[in-house]
Undergrad: 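Following this message is one structure expressed as structure tokens.
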Amino acid sequence: MPTSRVLFVCIGNAGRSQMAQAFYERAGGLARSAGTHPESNVHPEVVEVMRELDIDLDGRRPHKLSQEDVEWAELVVTMGCGDACPVLPGKRYLDWNLQDPAGMPVEVVREIRDQIAGLVAELP
């Protein structure tokens with residue numbers, strides 16, 4: 001069972017970070033996700049591929065990254081937000097180089113989903 005409070009951050013908080021949060025929570029961990037420039041909704045193709053695994057993202061809304069989110073986290077996992085992600089001393093950081101699923105065909109979004117599931121499974 002996961003023991004860290006993990007914050008997953010990407011640009012729009014409408015794909016990668018939402019999937020990562022859902023997988024981490026499914027494993028019993030405490031997680032948040034946020035975006036440096038959040039979109040208005042989770043991408044429909046992301047909702048669709050997560051539903052295939054009985055994970056419902058329908059009610060989730062993208063959230064703007066805040067200082068409070070970073071302070072809450074023990075581990076911050078970034079996914080493509082670069083210098084826009086705040087860095088606080090004493091926090092652990094990982095950067096996952098993952099393709100953005102926005103506008104991608106469902107087959108590609110499934111591959112990204114499966115990559116994220118594998119990476120999340122390796123977290124503490």
Side-chain angles (χ1 to χ4, degrees):
M1 173 174 268
T3 57
S4 298
R5 289 187 313 269
V6 180
L7 172 63
F8 297 98
V9 183
C10 64
I11 298 169
N13 189 224
R16 296 167 288 188
S17 56
Q18 291 281 355
M19 289 189 279
Q21 177 185 356
F23 283 126
Y24 197 75
E25 288 173 341
R26 181 182 243 190
L30 296 173
R32 292 182 185 178
S33 66
T36 54
H37 296 84
E39 298 193 27
S40 56
N41 294 297
V42 176
H43 300 305
E45 57 273 15
V46 168
V47 173
E48 180 180 339
V49 301
M50 293 300 280
R51 190 175 290 131
E52 294 171 356
L53 301 179
D54 293 323
I55 297 174
D56 185 9
L57 298 184
D58 252 346
R60 297 209 185 192
R61 296 287 170 254
H63 164 77
K64 182 159 180 57
L65 178 64
S66 71
Q67 188 74 19
E68 178 187 311
D69 292 323
V70 179
E71 290 171 358
W72 170 86
E74 296 169 313
L75 171 63
V76 179
V77 178
T78 59
M79 304 174 217
C81 57
D83 293 339
C85 289
V87 176
L88 291 179
K91 298 290 176 182
R92 225 173 101 219
Y93 289 85
L94 292 174
D95 184 57
W96 293 346
N97 185 16
L98 295 163
Q99 184 177 6
D100 189 344
M104 293 296 188
V106 172
E107 299 75 26
V108 174
V109 179
R110 277 190 197 107
E111 291 173 14
I112 297 166
R113 175 200 66 195
D114 295 345
Q115 282 181 290
I116 292 170
L119 290 165
V120 168
E122 295 173 6
L123 290 174

Undergrad: Check salt bridge (Lys or Arg N to Asp or Glu O under 4.0 Å) between Asp54 and all other residues, then give those that pass, not counting sequence neighbours.
TA: none

Undergrad: Looking at CH2 of Trp72 and CG of Leu7, how far apart are the two atoms once the value is rounded to the nearest 0.5 Å?
TA: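 Atom-to-atom, Trp72:CH2 and Leu7:CG are 7.0 Å apart.
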
Undergrad: Taking atom CG of Asn97 as the centre, report whether more than 12 heavy atoms of other residues, nucleotides or ligands fall under 6.0 Å from it.
TA: no

Undergrad: Please report the shortest heavy-atom distance between Ala22 and Ile55, naming the atom on each side.
TA: CB-CG2, 3.7 Å

Undergrad: Mind listing the closest non-hydrogen atom pair of Ser17 and Cys10 along with its distance?
TA: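 That would be OG-SG, 3.0 Å.
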
Undergrad: So Arg26 and Leu53, do their side chains get closer than 4.5 Å, heavy atoms only?
TA: yes

Undergrad: For Arg61 versus Asn41, what's the shortest heavy-atom pair and its separation?
TA: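 Closest approach of Arg61 to Asn41: NH1-OD1, 3.6 Å.
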
Undergrad: Rounded to the nearest 0.5 Å, what separation is found between the CD atom of Gln18 and the CD1 atom of Ile116?
TA: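 It comes to 10.5 Å.
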
Undergrad: Check the orientation of Tyr24 and Phe8. Use parallel for under 30°, tilted for 30 to 60°, and perpendicular for over 60°.
TA: perpendicular

Undergrad: Does the side chain of Val120 reach to within under 4.5 Å of the side chain of Val6, using non-hydrogen atoms?
TA: no

Undergrad: Please step through side chain to side chain contact (heavy atoms under 4.5 Å, CB included) for the pair Asp100 and Ile11, ending with a clear verdict.
TA: CA-CA 9 Å; Asp100 189 344; Ile11 298 169; 5.7 Å; no

Undergrad: Is there a side chain to side chain contact (heavy atoms under 4.5 Å, CB included) between Leu75 and Lys91 once you walk through the steps?
TA: CA-CA 6 Å; Leu75 171 63; Lys91 298 290 176 182; over 6 Å; no

Undergrad: For the residue pair Met19 and Met50, establish whether any side-chain heavy-atom pair is separated by less than 4.5 Å.
TA: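 A side-chain contact exists here, since the closest heavy-atom pair is under 4.5 Å.
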
Undergrad: Roughly how far, to the nearest 0.5 Å, is the CG atom of Leu65 from the CZ atom of Arg32?
TA: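 Atom-to-atom, Arg32:CZ and Leu65:CG are 11.0 Å apart.
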
Undergrad: Determine whether a donor-acceptor pair (N or O, by modelled atom type, separation under 3.5 Å) exists between the side chain of Glu39 and the backbone of Asn13.
TA: no

Undergrad: Do Val49 and Met79 share a hydrophobic cluster (ILVMFWY, side-chain heavy atoms under 4.5 Å, transitive)?
TA: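 Same cluster: Val49 reaches Met79 through Ile, Leu, Val, Met, Phe, Trp or Tyr contacts under 4.5 Å.
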
Undergrad: In sequence, state the C-alpha distance, the side-chain angles, and the governing distance for Val77 and Leu119, and then conclude on side chain to side chain contact (heavy atoms under 4.5 Å, CB included).
TA: CA-CA 10 Å; Val77 178; Leu119 290 165; over 6 Å; no

Undergrad: Quick check: does any side chain N or O of Arg16 sit under 3.5 Å from a backbone N or O of Leu98, one acting as donor and the other as acceptor?
TA: yes

Undergrad: Heavy-atom distance under 4.5 Å between the side chains of Asp69 and His63, does that happen here?
TA: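 They are in contact (side-chain heavy atoms under 4.5 Å apart), so the answer is yes.
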
Undergrad: Checking the side chain of Lys64 only, and the main-chain atoms of Thr36 only, is there a donor and an acceptor separated by less than 3.5 Å?
TA: yes

Undergrad: Show me the pairs that pass side chain to side chain donor-acceptor pair (under 3.5 Å) and involve residues 104-121, at least two apart or across chains.
TA: Glu52-Arg110, Glu52-Arg113

Undergrad: To the nearest 0.5 Å, what is the distance between CD on Glu48 and CD on Glu45?
TA: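 If we round to the nearest 0.5 Å, Glu48:CD and Glu45:CD are 8.5 Å apart.
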
Undergrad: Between Pro62 and Ser40, what is the shortest heavy-atom contact and its length?
TA: CD-O, 3.7 Å

